[in-house]
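Notes follow once the structure below has been shown.
Please read these numbers as outputs of a predicted model, since none were measured by experiment.
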Amino acid sequence: MSILKDLKKGKINIYEIERKLGLIAIFLLPIDSLNITFLPVQISLFRITCIIFFIIYLIFMFKLKINYYTFLIFLYTLSCFIAYFLSKNKSLSISILLNDIFSIMFIYIALDIYEKDDIPSLLKAIIYSMIFPIIFSVIEYFNFFILGQRVTSISLFGILQSTVSVEDIATQQISGIPRLVFPYSTSPAFSLNVGVGILSIIMLKEFNKKIQFQKGIIFILIVLLILSFSRSTILALIVAYVVYIFKFSHISRKQARNLTIFFTAFITIFILALPKLDDIFMFLDANSKIFHVLLGRVEESNLSSILQGRHVLLMLEGFHILFSNIITLFIGTGTQSIVMMYGKYTLIPYSFLSSHMTILVERGIFGYLSTFMLNFYILFNRKIKNSPLLCFQIYILVSLFLYELRSSLIIPIITSICLLYIKRDRRQVIKIK
């Protein structure tokens, strides 16, 4: 009761508390998989912070904003619930719905409590959160190469802990070499977040800000990205960085021409030529297992294997289901209903290994447009086109196209940052009594 009295008297700045909580939540995001050990329920410190963050806003600060963003968020919300109610597998789809609700609430609240001037602080919270994947990656490789064992559980001071099953360990390696994954759930999620960390350091230049040792931190994060062996997010980061170099780095025409030649040659080798150079590279480092693992991942990326691979077959499956009837085409099959379907071309897993295709099939054309309308609005906004923050959206959208990553909660955070950059300061609001 005393807190409520202080709030009424203006002794406590609730907006400042809410802004700090948002930054803390972003910082704690990487350790969402670590549950608090002394509580009777499994919940992470990140989720507790988010719950407090949401409750404070709903009780003390909520107001309905009548603007374009509210309309887009409403469409997103509608598509989420339609997909959930259509789902034939609600036990699996509930976690996706909860992630969507988090995304909706975070974006809505961030647009209300933060302004454009707060973007550097939000970016720094992301950058500082990279300390967690760095620490856990060191622990992972120390255990593997020095102690000769795989990590089956991770812990922070015995207070936060997460375990990994034997089955998951088997999938988090290539030719016996661990794919960096901790503290995230999968290696692609690890690399997606690390890539966001790299871009966040670069984006700080837009606001004339920087952090100490940023070149060293970028180097470390690039190494971690490579050791995740996740081709999808690495390729997405290359695409985003190429856009940044040519559009925002103000290089000369000669430098642009040379970089064009370099990246064209690199991509050509990456897709077509390098798999044929195996015999040449073998003698360079015959005893390096990691070298051959990396080479093997590139070999799997050649054009012929891609066209014959499961990713393409799943795309065909997606279009086959999507156009099966007019209702599915418009509103989809429902969240996680595809796991109960039999494929025509290949076995259908929990997704189509592409968030774009999965959402298109599960939510139809209406749900797909509603889900990504905020991202498309950002991508084609005149103001964002003149900002390096555009590279964030390119990185996210390309990553989501190449792999199933929609559950990564870093995505609504990046979306919020981009929306803050382009939103108007004056907003028409109606307070709900």
Verify side chain to side chain donor-acceptor pair (under 3.5 Å) between Ser191 and Asn193, making sure each step is shown before the conclusion. CA-CA 5 Å; Ser191 58; Asn193 282 266; over 6 Å; no
I want to know whether Tyr395 and Tyr241 have ring centres closer than 6.0 Å. no
For Ser399, does its backbone N or O pair with a side-chain atom of Ser232 as donor and acceptor, under 3.5 Å? no
Specify whether Phe372 and Tyr368 have parallel, tilted or perpendicular ring planes, treating 30° as the upper limit for parallel and 60° as the lower limit for perpendicular. tilted
Would you say Phe392 and Leu397 make side-chain contact, with heavy atoms under 4.5 Å? no
With a 6.0 Å cut-off on the ring centroids, do Phe132 and Phe136 count as close? no
Straight-line distance of Phe81 CZ to Thr335 OG1, nearest 0.5 Å: 11.0 Å
Ionic contact status for Asp112 with Lys63, cut-off 4.0 Å: yes
Going by heavy atoms in the side chains, are Ser121 and Tyr114 under 4.5 Å from each other? no
At their closest point, which heavy atom of Gly367 faces which heavy atom of Ser79, and how far apart are they? CA-CB, 3.7 Å
If you draw the axis of the six-membered ring of Tyr84, does the NZ or CZ of Lys90 fall within 45° of it and under 6.0 Å from the ring centre? yes
Nearest heavy-atom approach of Thr233 to Ser230 is OG1-OG, 3.1 Å
Tightest non-hydrogen contact, residues Ala189 and Leu405, listed as N-CD2, 3.7 Å
Exercise: identify the closest heavy-atom pair between Ile384 and Leu379: CG2-O, 4.2 Å
Does Thr70 have any side chain to side chain contact (heavy atoms under 4.5 Å, CB included) partners at least two apart in sequence or in another chain, and if so, which? Leu64, Lys65, Asn67, Tyr108
May I ask you to check whether over 12 heavy atoms, not counting those of Phe74, lie within 6.0 Å of atom CZ? no
The ring pair (Phe, Tyr, Trp, His ring centres under 6.0 Å) partners of Phe46 (sequence neighbours excluded) come to Phe102
Taking Thr358 for its side chain and Phe352 for its backbone only, find out whether a donor-acceptor pair lies under 3.5 Å. yes
Contacts of Phe85 meeting ring pair (Phe, Tyr, Trp, His ring centres under 6.0 Å) (sequence neighbours excluded), chain-then-number -> none
Side chain to side chain donor-acceptor pair (under 3.5 Å) between Arg363 and Thr371, intermediate numbers included: CA-CA 9 Å; Arg363 304 184 181 184; Thr371 301; 3.0 Å; yes
Report yes if the side chains of Tyr69 and Ile422 come closer than 4.5 Å at any heavy-atom pair, otherwise no. yes
Whether the Asp32 and Ser44 side chains hold a donor-acceptor pair (N or O, under 3.5 Å, no angle test) is what I'd like checked. yes
Please check this pair: side chain of Ser387 against backbone of Leu389, looking for a donor-acceptor N/O pair closer than 3.5 Å. yes
Hydrogens and angles aside, do Thr328 and Asn325 bring a side-chain donor and acceptor to less than 3.5 Å of each other? yes
Flag if over 12 foreign heavy atoms under 6.0 Å of NZ, Lys383: yes
Side chain to side chain contact (heavy atoms under 4.5 Å, CB included) between Ile126 and Leu29: does it pass, once the steps are laid out? CA-CA 9 Å; Ile126 294 174; Leu29 175 59; over 6 Å; no
Does Glu16 have more than 12 heavy atoms from other residues, nucleotides or ligands lying within 6.0 Å of its CD? yes
Atom CG in Leu420, atom CG in Asp117: separation rounded to 0.5 Å? 10.5 Å
Does the side chain of Ile198 reach to within under 4.5 Å of the side chain of Ile222, using non-hydrogen atoms? yes
Can a donor-acceptor pair be found, under 3.5 Å and without considering hydrogens, that links the side chain of Arg179 to the backbone of Ser228? yes
Between Thr333 and Lys88, is there a side-chain heavy-atom distance shorter than 4.5 Å? no
CD1/Ile331 to OG/Ser370 distance, rounded to the nearest 0.5 angstrom? 12.0 Å
Minimum heavy-atom distance between Lys205 and Tyr244, given as atom pair plus value: CD-OH, 3.9 Å
Can you establish whether the number of heavy atoms outside Ile139 located under 6.0 Å from its atom CD1 is more than 12? yes
Is there side-chain contact between Leu111 and Lys423, with at least one heavy-atom pair below 4.5 Å? yes
State the CD1-CD1 distance between Ile413 and Ile26, to the nearest 0.5 angstrom. 4.5 Å
For Tyr403, does the OH atom sit with more than 12 other heavy atoms under 6.0 Å from it, leaving out its own atoms? no
Could you please spell out the steps behind the side chain to side chain contact (heavy atoms under 4.5 Å, CB included) verdict for Met105 and Tyr57? CA-CA 10 Å; Met105 292 187 68; Tyr57 182 81; over 6 Å; no
Report the distance from atom CG of Asn99 to atom OG of Ser103, rounding to the nearest 0.5 Å. 6.5 Å
Give the C-alpha distance, both sets of side-chain angles, the deciding distance and a yes or no for side chain to side chain contact (heavy atoms under 4.5 Å, CB included) between Ile48 and Leu39. CA-CA 12 Å; Ile48 289 178; Leu39 292 180; 4.0 Å; yes
Run the salt bridge (Lys or Arg N to Asp or Glu O under 4.0 Å) test against Arg406 and tell me which residues pass, sequence neighbours left out. Glu362, Glu404
Heavy atoms, side chains only, cut-off 4.5 Å: are Val361 and Met357 in contact? yes
The reported gap from CD1 in Ile417 to CD1 in Ile107 (rounded to nearest 0.5 angstrom) is 11.0 Å
Only counting residues at least two apart or in another chain, list the ones meeting ring pair (Phe, Tyr, Trp, His ring centres under 6.0 Å) with Phe366. Phe330
What I want to check is whether the side chains of Tyr76 and Asp100 have a donor and an acceptor closer together than 3.5 Å. yes
Using side-chain hydrogen bond (donor to acceptor under 3.5 Å, both in side chains) as the criterion, list what pairs up with Ser87, not counting sequence neighbours. Ser93
With side chains defined as the heavy atoms from C-beta onward, is the minimum distance between Asn375 and Leu400 less than 4.5 Å? no
Measure across Pro133 and Ser129 and return the closest heavy-atom pair with its distance rounded to 0.1 Å. CD-O, 3.4 Å
Please report the C-alpha distance between Leu180 and Glu140 in whole Å, then the side-chain angles of each, then the deciding distance to 0.1 Å, and finally whether the side chain to side chain contact (heavy atoms under 4.5 Å, CB included) criterion is met. CA-CA 8 Å; Leu180 291 181; Glu140 171 75 4; 4.2 Å; yes
